[in-house]
K.L.:
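Please find one structure pasted underneath; my questions will follow.
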Amino acid sequence: MLPDDLRRLAAAHGVATSYRNERREPVQVDADVVIRVLGLLDVEAGTDSDRRAELAKLADRGRAGLLPPTVAVRLTGQPHALPGATELVAEDGRHIEVRDELPADLAPGWYELHTRDGQQVTLVAAPPTVPHTPATWGWMLQLYALRSTRSWGIGDLGDLREFIDWTATTHGAGAVLLNPLHAPGPTHPVQPSPYTPSSRRFSNPLALRIEDLDAYRRADPDTRAEVDALRVAADTERVDHDLVWAAKRAALETLWRYEGRPSPLNATAPDKGLADWATYCALAERHGGRWTQWPQALHDVNSPAVTDARRELALRLDFHAWLQQQCAAQLSAVRDTAATAGMALGVLHDLPVGVDAEGADAWALADVLAGGVSIGAPPDNFTPRGQDWGLPPWRPDRLAATGYTPLRDMLRAILSHADGLRIDHVAGLWRLWWIPPGDTPDRGTYVHYDAEVMLAVLALEAHRAGAVVVGEDLGTVEPEVTTALAANEMLGSAVAWFTRDESAPGQPLLPAASWPSRAAASLSTHDLPTAAGFLRGEHVRVRAELGLLDDVATEQATAERERAEWVALLRGEGLLAESEPDDAAIVVAMHRFLASTPSRLKLISPYDVIGEIRQPNLPGTINEYPNWRLPLASTLEELREDPRVAAVTAAFGG
């Protein structure tokens with residue numbers, strides 16, 4: 001049993017001393033783990049005297065009646081009591097006098113709140129909900145896999161524009177959900193996983209369509225010929241991110257030089273985030289992509305050594321800043337294409353749960369991230385030793401102290417090119433599983449965040465961008481998460497393989513009419529079997545081949561039983577004939593089933609439509625499986641003529 005003073009101290013700082021596992025059974029966290037995690041938050045708890053001193057600090061703050069450094073309110077049209085408040089300073093510098101309550105007509109925004117006792121805290125004044133999601137259907141794409149005859153070995157933003165225009169005008173598709181398009185590091189090897197970006201604030205230049213750049217159009221014939229000669233064939237067996245980046249970087253540098261080496265960095269009013277990103281890229285090119293292995297003087301983004309490096313490497317900073325300018329232009333063009341084509345919703349971007357610990361954001365935002373900590377998941381039946389995702393978490397105390405500026409800036413960067421946002425592992429707004437440096441995943445605990453403020457920041461920035469929000473709430477999710485998603489008008493997620501009646505014996509598959517309405521519904525996800533792979537048992541075969549299964553026979557039997565369940569369900573819904581169907585017919589019937597659900601947003605995948613058996617990513621593997629490297633078997637041009645696309649989209653009214 002943990003000492004009572006340790007429990008109280010942990011509770012005050014959001015560190016869990018117990019949690020419920022996937023079977024809802026209570027699990028106690030070891031005292032030494034709690035002490036280590038508190039230490040990572042600069043709270044000394046190793047001895048009785050340490051804990052007494054820390055609790056005394058908390059008591060003093062309580063007696064002083066101090067507000068936390070960031071406060072969130074939801075604007076409902078009614079006055080909001082805030083004892084001690086005397087003045088608000090708006091973002092435009094306006095001063096608003098208040099007296100112990102916020103006015104009923106306060107506009108949504110970020111404010112500096114002054115109190116009678118001299119405190120200055122950040123006030124996040126947010127609307128009650130995020131924008132409403134219209135009922136529609138669309139596609140979810142791994143853009144790197146969507147190649148055309150014009151691609152340089154990888155799907156690009158030009159391919160995406162063509163895809164959107166085609167599917168919106170031909171099929172009436174109302175949305176496209178993209179894999180994360182955040183920036184990997186600039187050095188080799190290029191990180192192929194879009195869920196381990198170097199930065200969540202900047203975009204991936206591998207997605208640029210070279211021929212769509214204004215610089216390419218302005219170039220003389222000889223320069224164009226030099227660029228064209230670098231093109232990577234569009235029919236490589238795998239998506240080779242390193243090959244593509246080498247070719248595109250050379251092409252982009254050629255065009256940048258032809259343009260006179262322009263710099264988007266404004267010396268008089270610098271964009272610090274962009275300057276930091278460009279500096280990281282320039283330093284990575286010189287010292288390698290792992291910033292913790294750079295000379296010690298370069299570890300602090302604000303150090304004199306980094307300032308000197310900015311001057312010395314100014315041209316490389318200019319190049320990387322220019323790349324981001326080109327990405328922003330093409331991403332805006334994608335969104336404009338969706339609007340012009342009449343998409344009901346438009347383009348949704350995906351937000352990963354974290355960033356590469358050796359990448360640009362981990363370097364530039366080191367003061368608000370827990371250095372050396374990795375987030376993951378506790379042990380469960382599927383992963384008995386737990387999961388380590390290798391991503392550093394936000395420090396909740398530092399986020400609050402900075403007025404949640406890093407979270408705000410990240411959301412603004414993504415939403416500037418988005419009509420909607422999908423948040424991977426949305427439960428991370430409430431808590432994350434922290435693994436202390438050097439420990440294994442089973443030696444961690446949950447650290448809680450101020451979800452009220454996190455959700456308010458999200459609601460405010462989504463409101464300003466006019467963007468809808470989808471939360472990925474699959475797996476073991478606390479009831480408060482589901483409740484809050486609904487209260488905030490955010491959609492949850494419903495995936496065919498998991499949507500069952502948990503209240504009934506044996507947890508049978510839910511009929512279409514019983515699927516949740518407040519959800520983004522799909523057959524699968526990038527981490528799960530495709531429709532054809534599920535029906536064929538490919539997810540069992542490949543994991544058995546790689547030695548990832550302890551009991552292959554049981555897994556095979558489960559796969560066969562689940563296939564039979566789906567066939568029976570589809571027949572019961574009148575979507576499948578009684579005669580023994582082939583897999584292609586079942587896949588079409590599954591899509592018709594999806595189309596008949598009441599879920600507000602329905603998403604289909606090209607992998608499923610064309611019968612691909614391999615899933616984009618196989619969790620638990622790195623190089624054992626070609627994660628994030630599998631192109632679609634059909635080019636964009638072939639998809640246009642594929643009768644399977646016509647058969648599936650017809651189910652959704654296309």
Side-chain angles (χ1 to χ4, degrees), residues 2 5-22 26-46 50-51 54-55 57-58 68-70 72 200 351-355 357 361-362 365-380 386-402 404 406-407 410 423-455 457-458 471 473 475-478 480-481 484:
L2 272 66
D5 56 356
L6 180 58
R7 287 183 183 278
R8 289 189 287 127
L9 190 59
H13 291 281
V15 177
T17 55
S18 66
Y19 64 94
R20 291 187 180 275
N21 63 18
E22 80 281 8
V27 178
Q28 299 297 318
V29 180
D30 289 346
D32 61 323
V33 172
V34 175
I35 291 168
R36 283 201 70 191
V37 172
L38 282 169
L40 294 167
L41 295 169
D42 301 325
V43 178
E44 295 298 327
D50 288 338
R51 295 192 287 273
E54 294 288 355
L55 287 169
K57 292 179 191 176
L58 292 172
T70 303
R200 291 186 289 183
L351 175 65
V353 68
V355 294
D361 282 1
L365 302 176
D367 58 330
V368 291
L369 294 171
V373 176
S374 179
I375 58 174
D380 57 27
Q387 299 177 49
D388 184 342
W389 302 336
L391 309 171
W394 298 117
R395 276 188 55 160
D397 56 334
R398 297 276 177 83
L399 269 183
T402 60
Y404 286 76
L407 177 64
M410 180 190 72
I423 302 178
D424 194 45
H425 189 62
V426 73
L429 297 176
W430 280 261
R431 65 178 189 176
L432 287 170
W433 183 258
W434 281 32
I435 306 165
D439 261 327
T440 52
D442 58 316
R443 297 277 300 161
T445 189
Y446 282 109
V447 172
H448 292 261
Y449 294 80
D450 190 334
E452 180 181 353
V453 177
M454 300 279 272
L455 288 167
V457 173
L458 177 60
D473 58 347
T476 304
V477 175
E478 294 298 304
E480 64 183 313
V481 175

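We're numbering straight along the sequence, starting at 1. All figures in this text were calculated on a predicted structure; none of them were measured in a lab.
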K.L.:
So, for Pro441 and Gly386, which heavy atoms are closest and what is the spacing to 0.1 Å?
P.N.:
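In terms of heavy atoms, the two residues are closest at CB-C, 3.7 Å.
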
K.L.:
What pair of heavy atoms forms the shortest contact from Leu2 to Arg7, and how long is it?
P.N.:
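Nearest pair, atom of Leu2 first, then Arg7: O-NE, 3.6 Å.
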
K.L.:
Using the rule given for side chain to side chain contact (heavy atoms under 4.5 Å, CB included), can you reason through Val37 versus Val447, listing the C-alpha separation, both sets of side-chain angles and the distance that settles it, and then say yes or no?
P.N.:
CA-CA 8 Å; Val37 172; Val447 172; 3.6 Å; yes

K.L.:
With sequence neighbours excluded, tell me which residues meet salt bridge (Lys or Arg N to Asp or Glu O under 4.0 Å) with Arg20.
P.N.:
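Here no residue qualifies.
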
K.L.:
Checking Asp5 now: which residues fulfil salt bridge (Lys or Arg N to Asp or Glu O under 4.0 Å) with it, not counting sequence neighbours?
P.N.:
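With neighbours one apart ignored, the set is Arg51.
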
K.L.:
Which value, rounded to the nearest 0.5 Å, describes the distance between Ile435 atom CD1 and Gln387 atom CD?
P.N.:
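If we round to the nearest 0.5 Å, Ile435:CD1 and Gln387:CD are 9.0 Å apart.
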
K.L.:
Could you pull out the closest heavy-atom pair between Asp361 and Arg200, with the gap in Å?
P.N.:
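Taking every non-hydrogen atom into account, OD2-N, 2.8 Å.
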
K.L.:
Measure the spacing between OG1 of Thr402 and CG of Asp367 and express it to the nearest 0.5 Å.
P.N.:
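Thr402 OG1 to Asp367 CG: 7.5 Å, rounded to 0.5 Å.
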
K.L.:
Could you measure the distance from the CH2 atom of Trp394 to the CE atom of Met410? Nearest 0.5 Å is fine.
P.N.:
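With rounding to 0.5 Å, CH2 (Trp394) is 5.5 Å from CE (Met410).
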
K.L.:
Rounded at 0.5 Å granularity, tell me how far OH in Tyr449 sits from OH in Tyr404.
P.N.:
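With rounding to 0.5 Å, OH (Tyr449) is 9.5 Å from OH (Tyr404).
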
K.L.:
Atom NE2 in His13, atom CG in Asp397: separation rounded to 0.5 Å?
P.N.:
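If we round to the nearest 0.5 Å, His13:NE2 and Asp397:CG are 8.5 Å apart.
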
K.L.:
Pick one: which of Trp434, Trp433, Trp430 meets ring pair (Phe, Tyr, Trp, His ring centres under 6.0 Å) with Tyr446?
P.N.:
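The option that passes is Trp433.
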
K.L.:
With a 4.5 Å cut-off on side-chain heavy atoms, are Leu432 and Val353 touching?
P.N.:
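Yes, their side chains come closer than 4.5 Å.
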
K.L.:
Please determine whether side chain to side chain contact (heavy atoms under 4.5 Å, CB included) holds for the pair Leu458 and Leu429, giving the CA-CA distance in whole Å, both sets of side-chain angles, and the decisive distance to 0.1 Å.
P.N.:
CA-CA 10 Å; Leu458 177 60; Leu429 297 176; 4.3 Å; yes

K.L.:
Please report the closest heavy-atom contact between Leu455 and Ala484, naming both atoms and the distance.
P.N.:
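For Leu455 versus Ala484, the nearest heavy atoms are CD1-CB, 4.1 Å.
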
K.L.:
Any idea which heavy atoms bring Pro396 and Leu41 closest together, and the distance?
P.N.:
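Taking Pro396 first and Leu41 second, the nearest heavy atoms are CD-CD2, 4.2 Å.
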
K.L.:
Do Val34 and Leu9 touch side chain to side chain, with heavy atoms closer than 4.5 Å?
P.N.:
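A side-chain contact is absent here, since even the closest heavy-atom pair is not under 4.5 Å.
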
K.L.:
Between Val481 and Val426, is a side chain to side chain contact (heavy atoms under 4.5 Å, CB included) present by the stated rule, with each step listed?
P.N.:
CA-CA 8 Å; Val481 175; Val426 73; 4.2 Å; yes

K.L.:
With a 3.5 Å cut-off and sequence neighbours excluded, list the donor-acceptor pairs that the side chains of residues 369-377 form with protein atoms.
P.N.:
residue	atom	partner	partner atom	Å
Ser374	OG	Asp388	OD1	2.3
Ser374	OG	Gly390	N	2.9

K.L.:
Holding to side-chain contact (heavy atoms from CB on, under 4.5 Å), I want the full list of residues that pass it with Arg443, two or more places apart in sequence or in another chain.
P.N.:
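In terms of side-chain contact (heavy atoms from CB on, under 4.5 Å), with neighbours along the sequence ignored, Arg443 is linked to Asp30, Asp32, Val33, Asp439, Thr440.
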
K.L.:
Using salt bridge (Lys or Arg N to Asp or Glu O under 4.0 Å) as the criterion, list what pairs up with Glu478, not counting sequence neighbours.
P.N.:
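Scan of Glu478 (salt bridge (Lys or Arg N to Asp or Glu O under 4.0 Å), adjacent residues dropped) gives Arg24, Arg431.
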
K.L.:
Over all heavy atoms of both residues, which pair between Val355 and Ala362 is shortest? Give the atoms and the distance, please.
P.N.:
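Closest pair (atom of Val355, atom of Ala362, distance): CG2-N, 4.3 Å.
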
K.L.:
Only counting residues at least two apart or in another chain, list the ones meeting salt bridge (Lys or Arg N to Asp or Glu O under 4.0 Å) with Asp473.
P.N.:
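If we apply the salt bridge (Lys or Arg N to Asp or Glu O under 4.0 Å) test to Asp473, skipping adjacent residues, there are no hits.
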
K.L.:
Do any N or O atoms from the side chain of Glu54 and from the backbone of Glu44 form a donor-acceptor pair under 3.5 angstrom?
P.N.:
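Answer holds: yes.
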
K.L.:
Would Leu38 and Ile35 count as a side chain to side chain contact (heavy atoms under 4.5 Å, CB included) here? Give the steps.
P.N.:
CA-CA 5 Å; Leu38 282 169; Ile35 291 168; 5.6 Å; no

K.L.:
With heavy-atom distances below 4.5 Å as the criterion, would you say the side chains of Thr445 and Val15 are in contact?
P.N.:
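In short, these two side chains touch, coming nearer than 4.5 Å.
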
K.L.:
Tell me, do Arg36 and Pro437 make a side-chain contact under 4.5 Å, heavy atoms counted?
P.N.:
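A side-chain contact exists here, since the closest heavy-atom pair is under 4.5 Å.
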
K.L.:
Tell me, do Pro436 and Leu40 make a side-chain contact under 4.5 Å, heavy atoms counted?
P.N.:
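Side-chain contact under 4.5 Å: yes.
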
K.L.:
For the backbone of Ala400 and the side chain of Thr70, can you confirm whether one donor and one acceptor N or O come within less than 3.5 Å of each other?
P.N.:
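A pair under 3.5 Å: yes.
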
K.L.:
Could you measure the distance from the CG atom of Leu55 to the CG atom of Leu6? Nearest 0.5 Å is fine.
P.N.:
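Reported value, rounded in 0.5 Å steps: 9.5 Å.
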
